[in-house]
Structure formats: structure tokens, C-alpha cells
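Below you'll find the structure, written out as C-alpha cells, and then a few comments.
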Amino acid sequence: MFEVTLPDGTVKGFDRPVTLGEVAAAIGAGLAKAAVAGRVDGRLVDLSHRVDHGVTVAIITMQSPEGLEIIRHSASHLMAQAVKELFPGAQVTIGPAVENGFYYDFDFERPFTTGDLTAIEARMQQIVERNDVITRSEVGRDEAVTFFKGMGEQYKAEIISAIDAAQPLSLYAQGNFIDLCRGPHVPSTGYLKAFKLLSVAGAYWRGNSANKQLQRIYGTAWADAKSLRAHLHMLEEAEKRDHRRLGKELDLFSIQESAGGGLVFWHPLGARVRQAIEAYWRETHIAAGYEFLYTPHMANLDLWKTSGHVDFYRDSMFHSMHVDEQEYQIRPMNCPFHILVYQSRMHSHRDFPIRWAELGTVYRYELSGALHGLFRVRGFTQDDAHVFCREEQIEDEITAILDLTLATLGTFGFQEFDIFLSTRPEKSVGSDAIWDQATTALGNAIRKHHLDFVEDRGGGAFYGPKIDVKITDCLGRKWQCSTIQLDFNLPERFDITYIGEDGGKHRPIMIHRALMGSLERFFGILLEHYAGRFPLWLAPVQGVVLTITDAHHPWAIAVRDRMRAAGLRVDADLRNEKIGYKIREHTLKKIPWLLIVGDREQEQKAVSPRDGSGKDLGLMPLEGLIETLVAQVRERKV
RNA sequence: GCCGAUGUAGCUCAAUUGGCAGAGCAACGGAUUUGUAAUCCGUAGGUUUGGGGUUCGAUUCCCCACAUCGGCUCCA
């Protein structure tokens, strides 16, 4: 007789050893049905795990995050089983669950094709119908190595040699497929009902490009068909919102082969959005006490030697160019230039804080295969700024920067933040005292905003601690844009100083910060977040006046000009086309306001607007509408 | 950079086993003067990403380059 304790504190007694599956059944039939694994004294185990003495037990259901992870992990094994059945020559390597799905890496003589994926998925379905039981067994280290070598699974043998000798090794068998795995897994393949294979791509063995390249098959798996459908729908939605596609459809920007990859051309309509963003940026920075700098895009390479970028950032820098017996470098960062401006004269402690901002365009060498639309480019503009201050001003400055960050992101429609505080790594510069003081100041600044944060211990740069802010878009995807970093290194390297109250030279603190990060990337995120339907204040074309016939041209032009005079970006469509055609066309261009003018409107000096909802709002006096729209733009309403 | 896939008109896509490169939309011309998501007719548009090669003949097969797409951290 022994008792197991459940998460809610209730206790169940058993008079013989039972499996977790039986424990679940004893609690309730519904739970037993949804159960995929369990937790015994905090350790994840299979449902077949036997308990025979007093322990705490939690049953993990397929709807829980942990249950989903187990389903995905088991789905990856199911896929490996299908692959081995179809292609016995393929060697299995690793296959974990990842966010929303799973993958498995194989070493196979030829590339898998999309046709293979279809076949593998079909075989997976067969194995599910077969409902192979999944069983766990423990083996000795030598036995396991011999076993996998005997099967020609070299990678598995290699994995074992990397595992701590004290740790027991477990094998999972399903049908004829046996894999080395920590588990746990679902009890049988029949539990896996909702999955789909998505893609195949290369991946290096152990993520190291020096190793052999394997083939990684990605899939997604869910507890039920409905969740799977929802996820696939989300993927479709993401594809529809793809900024590369919208950028082309809405004629906002392009990246051109003849110019080179990763270099962005902003077209007139994209430039209008950027202008709106920059105007807002300028306004808020003036209000927050910043001054603006304009600095060159290239400079003598020696500057980058002094800054240390040549030593630790070389891989991301373009090669230097030879000019008049000297080496010049196109800039990968703006900070050394701001330091040069600082150094151009003496500074007093009374000058602080100095806040200098620049929309600084930088060029970084990214691997050709890493380029991706506006998200990963080789030339981009940072909303960069550097604050020089004294140690005791750090907390106030960080607080103010955080204010500005949250206000900025909020204005663009992002209200959900994940904040990370990264602390001192092993290899770093600066004294313990300054690191402690600065790290505390960063934490205090976050707490002042009543925000939670995750501490990334040892995750800071070698030159100082930092705060990163991630935003969540309307599809739930997270993006890191903002970063606030302290720098104890550059002031040292450039030997910048100020004269303190004591008349002696002191070293200022330097803070780097970017709120949107890269304007290109931020623009891409906005495009996807709004699916191209920008809030009025950002929309490249805020309204179009549509005429019914030629007779309405004079009033249409008057409306357009009146709205333009009010500061709105409005065009008139005077083409000899039917109104339905014009509406369709401008709706597809995602224009926020369509203003229809015909006989009635012309007579009454009015317009009949349609807003983003696509509804005809009926006859409306022009001036009233202008007032509403101008107010929305002024408020930057989202 | 590496692996795989892709590259045809401004855009989205066709083109049997290698045999005269096509459609829709857009553009242009004409007709139509139209009331809430596509009016009709016509015209023009291409060194098939670029460069080599095989062949009587290459969009198609081979090689090289470039670009784009999916990946390359998430531990058996």
C-alpha cells in the first residue's frame, strides 16, 4: 500500500505497483484519454512508467505546452521511422521538438525531394493507423554503441560517446525502428493524429559548418486536427502578409539583382512612410532633449582599429578600400563618429547628459545566403543615438530611454513587450564596481516602469550590460528591435574624458541605443503587422477621390487640393472607368479612405467616403471629414 | 559561405520526349460617361537572369557566375 500525491494536493492510494496510465485512469476517464506522459517527483516520464512507492505525480495532457512538446518529439520519431522504412540507407541523427513543430536530421545519399515528403507523410499516416506501441528500455553504454554501430548508425554511436557516462541510456522502439532518446514519448503511434511535413533544408551535423551537411525535414504537429488547421492557416496568413510580396504589390520598395543583394531601394510610396516615421522620430527626440548629428558613411580604417571593430567585428565588415595611400572603411556602425564629435572639444561635467542622435546608415557584410527581404540586408539605417553621462546619471538616462522606447513602440501599435536584461559575461572589460552599479541601474529603470523582465545572466556584450526589448506582432511573432547598451570599452579606447568638479580628467559613461533598430527591418515588420493596411498617419496614400464621370472633375480636384492643403496625402482618380473598377483597384492598394464624388456630392460640396471597412458611409460634408482625418493623423491613431 | 530548390513580357504563370516562346492582368490606342470590388475591342511588349559548352537545332541537357526562396542555436 502506498499513496501518490497529485498536483492539487489530493492523495490516491494504491495496493499494487501501477503505471502512470493507470494512475490517470484512476483519477478520471477523460484525463486518461488526454494523457500523453507524466511527471514523477518533477521528472518527465512515459505513461508506462511504473510507480510502487509514495511519490508526487502529475499527468501531462496533450493540450498542455509540455504535452504538445512530447507530441512533437514523438512526431519527429514517427517521421524517422517512416524515413527508415522507405529509405533504409538513411542514417538518423537528431530530431527534437521545436516551436510549433519538430525536425529530424538525416544523412542520406541523395537529397530528399518534395515528392519524398509526400511519401514520407503518407507512410507516417500508415504507421499511425498501425498504432505501433512505443516502448522504452535502458541499456548499457557499450551495448548501445555496439547496437547502433551494428545497424550502421554512426551518428547515434557518436552521440552516445558525448553523453555523460553516469547517465542511463534509453532506447525507444516502435515497430522495427529503435532510436536512442531521452524521451518521454506518447504510448503508441496512434496518439499522433495531427501533423504535416513542411520543408526540407540543409543543416550541419551539430550546427557546425566544418561538419557534414545533413538533410533536415521540418514538420508541424498538434494535439488535434483543429489546432493543426489553425496553425496552417496562420502560416498562410503570414505568407499573405510577407513584406516582400506586399512591398512589390504596393510599390513600396525593391531589391535589385543588378545592384546587388541586400541593398534596398525605397520607392516614392515607401519613402512617404519612411518620412512619416522619421518625422515622428525627430519630433520625439527633440522633446526628449536630443541633438542631431550627421556623420560620414566612410572613414579612415585606423578609426576602426582604435574602436576595436577590426579585431572583433571584422567578419561583418566590408573590405576596406584604398584611397590616396590610405585604407578607408565603409561604416558598419555609427558610434566611433559620435565619439569623434565628442572629442572635437573639451567637455565639462556640466555638459552632461549629452544626447546625440543620428539616422545613421551602416553597411555590414552578411552572408549571401542569409539575406532576406528587408529583415536581413547589407545596408540599413539605424535610429541610433549615443548618450554620454556620468555614472550617477545612468539610471535616470536609462529610465528616460526606456520611456521613449515604450512610447515609440506603442505609437506604432505594439503594446506587448518582452524585456531582457543581459549581465556581465565571463570575458569582459571594466571593473566589478561599475558593472554592478550599471546592472543595478538598468534593473531599477525597468522596475520603475512596472515591467517584468528576464535576466540573461552572462548574456551581455563584453563591453557592458544591456536591455533588449521584443515586440509581438498581430500574428504573435516576436521581434527584437530596441536595444539599450552600456559601453565601458569605447570611452577607454578613444580615451575620451571630461573635466570634473575637482578639475581633474574623468571618463564618461557611454550608452548606445536604438529603438526601431533598423528602419528597413522595422518597416518590414510594420508592413507584416498591418498586412499593408497602415494606420492613417503612416499610409503612403491616405485617400483617393474617385469620380463617377468627367463632369465631376472640377469638384474632385477641388476636394483633392483642399485635403492636400490640410496636409493629407490625397490623390484624385479621374480616369474614365466605372466606379466599381476604381473602388476595387484602390481597395487592393489598401488605401484607407476612398472619397466618391458624383452629382449629389458636387451639388452639396460634399463627398461620400468609404473607410477601411469597405462600407459606404454616405454623403458627408467635406470640411467635417477633413477635420476628423487631420485629428487622426495628429494623434497618430493606430 | 554551405546544402537544396527556383530564375520565361512590368506582375502572376504556361510551353509534349530538345523542334517557330504563349495566356491573364498591367501598359498603349479606340469605343463607352458609367453610383460602391474587374465595360468592350484592338496594339505593342522577350538576347527565356548573365556567360560558356553539347547539338543540325537549347527556355528545355551540361559547366560557371549572379540573384531569389527554404534552411544552417534550440542536445541523444
On a plain distance test, is the side chain of A/E366 in donor-acceptor contact with the base of B/rG1 below 3.5 Å?
no

Using a heavy-atom cut-off of under 4.0 Å over every strand shown, decide if A/S608 touches base, sugar-phosphate, or nothing.
base

Roughly how far apart, to the nearest Å, are B/rC62 and B/rC20 at atom C1'?
25 Å

Residue A/I579, side-chain atoms from C-beta onward, closest of B/rG35, B/rU39, B/rG1
B/rG35

Between B/rA38 and B/rA44, how many Å separate the two P atoms, rounded to a whole number?
29 Å

Taking CG from A/D105 and P from B/rG70, how many angstroms apart are they, rounded to a whole number?
19 Å

Using only side-chain N and O atoms of A/Y365, determine if any of them is under 4.0 Å from OP1 or OP2 of B/rG1.
yes

Heavy atoms under 4.0 Å, any strand shown: does A/E99 hit a base, just sugar-phosphate, or nothing?
nothing

Expressed as a whole number of angstroms, how long is the span from A/R575:CZ to B/rA38:P?
14 Å

Atom-pair distance (NZ on A/K478; C1' on B/rC74), nearest Å
17 Å

With sugar-phosphate meaning primed atoms plus P, OP1 and OP2, does A/T587 contact a base, only sugar-phosphate, or nothing at under 4.0 Å between heavy atoms?
base

At 4.0 Å (heavy atoms only), tell me whether A/L588 reaches a base, stays on the sugar-phosphate, or touches nothing.
base

5'-most contact on RNA chain B (nearest-nucleotide basis), A/I583 vs A/K248, goes to A/K248

Could you check which of B/rA37, B/rG1, B/rG70 has an atom nearest any side-chain atom of A/H372?
B/rG70

Between B/rU68, B/rG35, B/rA67, which nucleotide gets closest to the side-chain atoms of A/R600?
B/rG35

Got a donor-acceptor contact below 3.5 angstrom from the A/K582 side chain to the A/D573 backbone?
yes

Given B/rG1, B/rU39, B/rA38, the nucleotide with the shortest approach to the side chain of A/R584:
B/rA38

Classify the nucleic acid contact of A/G373 as base, sugar-phosphate or nothing, counting any heavy atom under 4.0 Å across all strands shown.
sugar-phosphate

Scanning all shown strands, the Watson-Crick or wobble mate of B/rC13 with both distances under 3.5 Å is B/rG22

Which part of the nucleic acid, if any, lies within contact of A/G261, taking any heavy atom under 4.0 Å across all strands shown: a base, the sugar-phosphate backbone alone, or nothing?
sugar-phosphate

Looking only at side-chain N and O atoms, does A/R182 come under 4.0 Å of OP1 or OP2 in B/rA76?
yes

With both distances under 3.5 Å as the test, what is the Watson-Crick or G-U wobble partner of B/rG1?
B/rC72

Quantified in whole Å, what is the C1' atom distance between nucleotide B/rG18 and nucleotide B/rG29?
40 Å

Measuring only the C1' atom in each nucleotide, how far is B/rU8 from B/rC13? A whole number of Å is fine.
9 Å

Looking only at atom P, what distance separates B/rU54 and B/rU60, rounded to whole Å?
15 Å

For A/F253 and A/F523, take the angle between the two ring planes, folded into 0 to 90°, and tell me which bin it lands in: parallel under 30, tilted 30 to 60, perpendicular over 60.
perpendicular

Would you say that A/M79 contacts A/L197 through its side chain, given a criterion of any heavy-atom pair below 4.5 Å between the two side chains?
yes

Watson-Crick or G-U wobble partner of B/rA67, both distances under 3.5 Å:
B/rU6

What does A/G369 touch in the nucleic acid at a heavy-atom separation under 4.0 angstrom: a base, only the sugar-phosphate, or nothing?
base

Please work out whether the ring planes of A/H243 and A/F375 are parallel, tilted or perpendicular, with thresholds of 30° and 60°.
tilted

To the nearest angstrom, how far is A/F106 atom CZ from B/rA76 atom P?
14 Å

Please state the P separation for the pair B/rG10 and B/rG46 - nearest whole angstrom.
8 Å

When you check the phosphate oxygens OP1 and OP2 of B/rC69, does a side-chain N or O of A/R244 lie under 4.0 Å from one of them?
yes

So, does A/S368 get its side chain near the phosphate of B/rG1, meaning an N or O under 4.0 Å from OP1 or OP2?
yes

Can you identify which nucleotide, out of B/rA76, B/rG71, B/rC66, has its nearest atom closest to the A/E257 side chain?
B/rC66

Donor-acceptor contact below 3.5 Å, side chain A/R364 vs main chain A/P332:
yes

Between B/rC72 and A/Y218, is there an OP1 or OP2 to side-chain N/O distance shorter than 4.0 Å?
yes

Show your working on side chain to side chain contact (heavy atoms under 4.5 Å, CB included) between A/D46 and A/L20 and close with a plain yes or no.
CA-CA 8 Å; A/D46 296 305; A/L20 287 191; over 6 Å; no

For atom NZ of A/K578 and atom P of B/rC40, their distance in whole Å:
8 Å

Within 45 degrees of the ring normal and closer than 6.0 Å to the centroid, is that where the cationic atom of A/R560 sits relative to A/W555?
no

Is there a donor-acceptor pair closer than 3.5 Å between any side-chain N or O of A/R241 and the backbone N or O of A/E528?
yes

With hydrogens left out and only the distance checked, is there a donor-acceptor pair under 3.5 Å joining A/Y204's side chain and the base of B/rC3?
no

With a 3.5 Å distance limit and no angle check, can you tell me whether A/S76 reaches the backbone of A/G95 through a side-chain donor-acceptor pair?
yes

Gap between atoms CZ and P, on A/R216 and B/rC74 respectively (whole Å)
7 Å

By the 4.0 Å heavy-atom rule, please label A/L367 as base, sugar-phosphate, or nothing.
base

In numerical order, the residues of residues 545-558 of chain A whose heavy atoms come under 4.0 Å of RNA chain B are A/I548, A/T549, A/D550

When rounded to the nearest Å, what value does the distance between P atoms of B/rC75 and B/rC66 take?
35 Å

For A/I60, run the side-chain contact (heavy atoms from CB on, under 4.5 Å) check against A/L68, A/L47, A/L44 and tell me which one passes.
A/L44

Under 4.0 angstrom, heavy atoms only, what part of the nucleic acid is A/K156 near: base, sugar-phosphate, or nothing?
sugar-phosphate

When the distance from CG of A/D456 to P of B/rC74 is rounded to whole Å, what number comes out?
17 Å

Ignoring backbone atoms, establish whether A/Y581 has a side-chain N or O less than 4.0 Å from OP1 or OP2 of B/rA26.
yes

Roughly how many Å is it from CG in A/L250 to P in B/rU12, rounded to a whole number?
14 Å

Distance check, C1' atoms only: B/rC74 and B/rG22, in whole angstrom units.
48 Å

Are any side-chain N or O atoms of A/R136 and backbone N or O atoms of A/S170, one a donor and one an acceptor, separated by less than 3.5 Å?
no

Quick check: on RNA chain B, is the nucleotide nearest A/L169 upstream (toward 5') of the one nearest A/E585, or the reverse? Name the residue that is more 5'.
A/E585

Specify whether A/Y155 and A/W205 have parallel, tilted or perpendicular ring planes, treating 30° as the upper limit for parallel and 60° as the lower limit for perpendicular.
perpendicular

Suppose we define a pair by two distances each less than 3.5 Å, Watson-Crick or G-U wobble; what does B/rU39 pair with here?
B/rA31

Complement of B/rA44, any strand, by Watson-Crick or G-U distances under 3.5 angstrom
none

